[in-house]
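Working notes, beginning with the structure itself.
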Amino acid sequence: MTEWKRTHYCGDMGKTYVGQTVTLNGWVNRRRDLGQVIFVDLRDRSGIVQVVLDPEVLGPEQFALAERLRSEYVISVQGKVMDRPEGQVNVNMKTGEVELHVSKLVILSEAKTPPFHIHQADDVDESLRLKYRYLHLRSKELQDTIMLRHRTVAAVRSYLDGQGFLDIETPILIRSTPEGARDYIVPSRVHPGEFYALPQSPQLFKQLLMIGGFDRYYQIARCFRDEDLRAERQPEFTQIDVEMSFVDREDVMNIMEAMIVHVLAEVKGVKIDTPIPRLSYQEAMDRFGSDKPDTRFGMEIGDVTKHLTQSEFRVFADAVRAGHVIRGINVKGGATFTRRQIDQLSEQAVAMGAKGLMWFSLEENQVRSPIAKFLSDAEMQAIQAELDGDVGDLLLLVAGPWDLVSEVLGRLRLALGKELGLIDDDLYNLLWVVDWPLLVYDEEAGRYMAAHHPFTAPLDEDIDLLEQDPGKARAKAYDLVLNGVELGGGSIRITDRKLQERMFAALGFTMEEAHDQFGYFLEAFEYGAPPHGGIAFGLDRLVMLLAKRSSIRDVIAFPKTISASDLMIEAPSRVHQKQLDELKISLKD
RNA sequence: GGAGCCGUGGUGUAGUUGGUUAACACGUCGGCCUGUCACGCCGAAGAUCGCGAGUUCGAGUCUCGUCGGUUCCGCCA
């Protein structure tokens, strides 16, 4: 029964095996039937090798079997590895110097004609690929990314294990918390009318593990959020979740950047210089107009407000009077932009919330601009100097409140960077963003909301701002950014009961309300809580970047669509009335 | 919740100002073929143009709705 079993992988075949008898198992990738000889490209997860089916070697009966082979048949072939004949080497194949001369063929499984070509599946309609995900998974592209994901996880685990972190699982059926993202909820049969929630992250449990004395914890944890999706958001996704005790912010960042550096070296062979640069939130917004700046190209934001305080031009004068700012970017070489292109940029800026976009095209002997005539020579020169403008450049200015202006310019900068091909695809630019705002005012709710979560510690020097000026308080929080994508974020947690109460007060909670929601958690802090902090990384996003993909669907074996459906298993689905009855659930309509 | 793009044999695409036999490539099936590697040659089958209304003498094409996929904004402590 075992004579068909594999002795080697297809992709490993090469010169060193010549003369050996091997058995390979795999799928028929392609078949080339020349009549009295049939070539089959045999595929397994390691790669492809050419096998030769020759009636003189196989005998008539086995050759008749070979003639039945079709794409995606699963077969076992035994035979001798041979050098390819003179001039028949295929330089495009890793295994192209050799071929297997088959003496024994077994068809392990026949296959219907697949709904799309496995070897060029990436162009096929996404819904079809998702319905037949198991076929798409056979493609080289997905095999490579899923294996890359495995190596990434393996590198993470080996690093963290080496640093004394313990892999501990936390519950999937937990309690719903009203703050944050929408929960996926699961009805309880034993407690009719009550529901579990699926975790948005293991946040509270990992802190309880610290209080439980485990000191260093990690988990490759599945998280669930019932929010609208994007290319880089799935309803269930995976975090590398880490927490550690008796540490400050520096400790967490040092250990975690060493982990990412280790992963990049192991998986991509990329060497990263440490320490990884750190930018305050304020500086990131100021220079790049983003809390996750892509630093693979320049085009940094400049501020020209101070040169225009006396301006006669209405837009500038109004901005200065309102305490607003006038800021801009320099599109190097952008003087070649057509009016139409510039108008499109204006439309984008307005769509992002700007009042308008002012522009100056620096041409050989003149400045082309609809507003140049309103500015003095000195003002024009100061703007050029501030933004480092040379002949051939295009300067873009936006006036308004600092945060809005910065954000608009940040997004224009990113769009232009992509459009103009300024981004080097081979770079891995890592960056810590620190000193985040602790609280953000929510107009809708009419109160401050935790920017990160309510257990994030403020900077020591900002503690009194909790009462004096909550919006100014900064957090002991940190985000790691890779090529303009937020890879992960975390913080040092509040472990002082008094401070936690002040935090809740700043959020507009009474202690009663806080205890209602987080009572078990707050109680735990009364029994000896070590100082601790941690971080969580988006594994899917990390692998997506390493694989140079633009959607995390490509790095998840069985992803969902943008409407949170699984087209293969057809989930979600209706359930039988009997199940609903057991749960005491009735449906409206 | 909002905006954009896509949907035509199994797959990828073409299809002119609305005009009568919906084209091409790959794949599939049959035949031929002993060194191919995107094998080649000959032949064949295969489409209610996502679905439903409407406009029109006539709709793949125009309009509205709807379903699915996708991208972005809101949302994602």
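Convention: sequence-line order gives letters A, B, ...; per-chain numbering from 1. This one's a predicted model, so the numbers in the text were calculated from it and none came from an experiment.
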Checklist outcome for this item: First and last nt of RNA chain B near chain A, cut-off under 4.0 Å to heavy atoms, 5' to 3', are B:rG1 to B:rA77
According to the Watson-Crick and G-U wobble definitions, with both distances under 3.5 Å, which nucleotide is paired to [N]?
| N | result |
| --- | --- |
| B:rC75 | none |
| B:rU16 | none |
| B:rG27 | none |
| B:rU34 | none |
| B:rC5 | B:rG69 |

What nucleic acid atoms does [X] come within less than 4.0 Å of, heavy atoms only: base, sugar-phosphate, or nothing?
| X | result |
| --- | --- |
| A:Asp228 | base |
| A:Arg129 | nothing |
| A:Glu56 | base |
| A:Pro85 | base |
| A:Glu99 | base |
| A:Arg230 | base |
| A:Asp33 | base |
| A:Thr177 | nothing |
| A:Leu128 | sugar-phosphate |
| A:Asp123 | sugar-phosphate |
| A:Ala451 | sugar-phosphate |

Next on the checklist: Parallel, tilted or perpendicular, judged at 30° and 60°: which one describes the rings of A:Phe116 and A:Tyr132?
Outcome noted: perpendicular
Checklist entry - Any idea how A:Trp432 and A:Tyr478 line up, ring-wise: parallel (<30°), tilted (30 to 60°), or perpendicular (>60°)? => result perpendicular
Using the [atom1] atom on both, measure [N] against [M] and round to a whole Å.
| N | M | atom1 | result |
| --- | --- | --- | --- |
| B:rA23 | B:rC29 | P | 23 Å |
| B:rA22 | B:rU13 | C1' | 13 Å |
| B:rA47 | B:rU55 | C1' | 25 Å |
| B:rG50 | B:rG68 | C1' | 8 Å |

Checklist entry - Would you say the ring centroid of A:Phe455 lies under 6.0 angstrom from that of A:Phe521? => result yes
Checklist entry - Listed in order of residue number, which residues of residues 57-73 of chain A have a non-hydrogen atom at under 4.0 Å from RNA chain B? => result A:Arg70
Next on the checklist: Once salt bridge (Lys or Arg N to Asp or Glu O under 4.0 Å) is applied, what residue pairs with a partner in residues 54-67 of chain A remain, sequence neighbours excluded?
Outcome noted: none
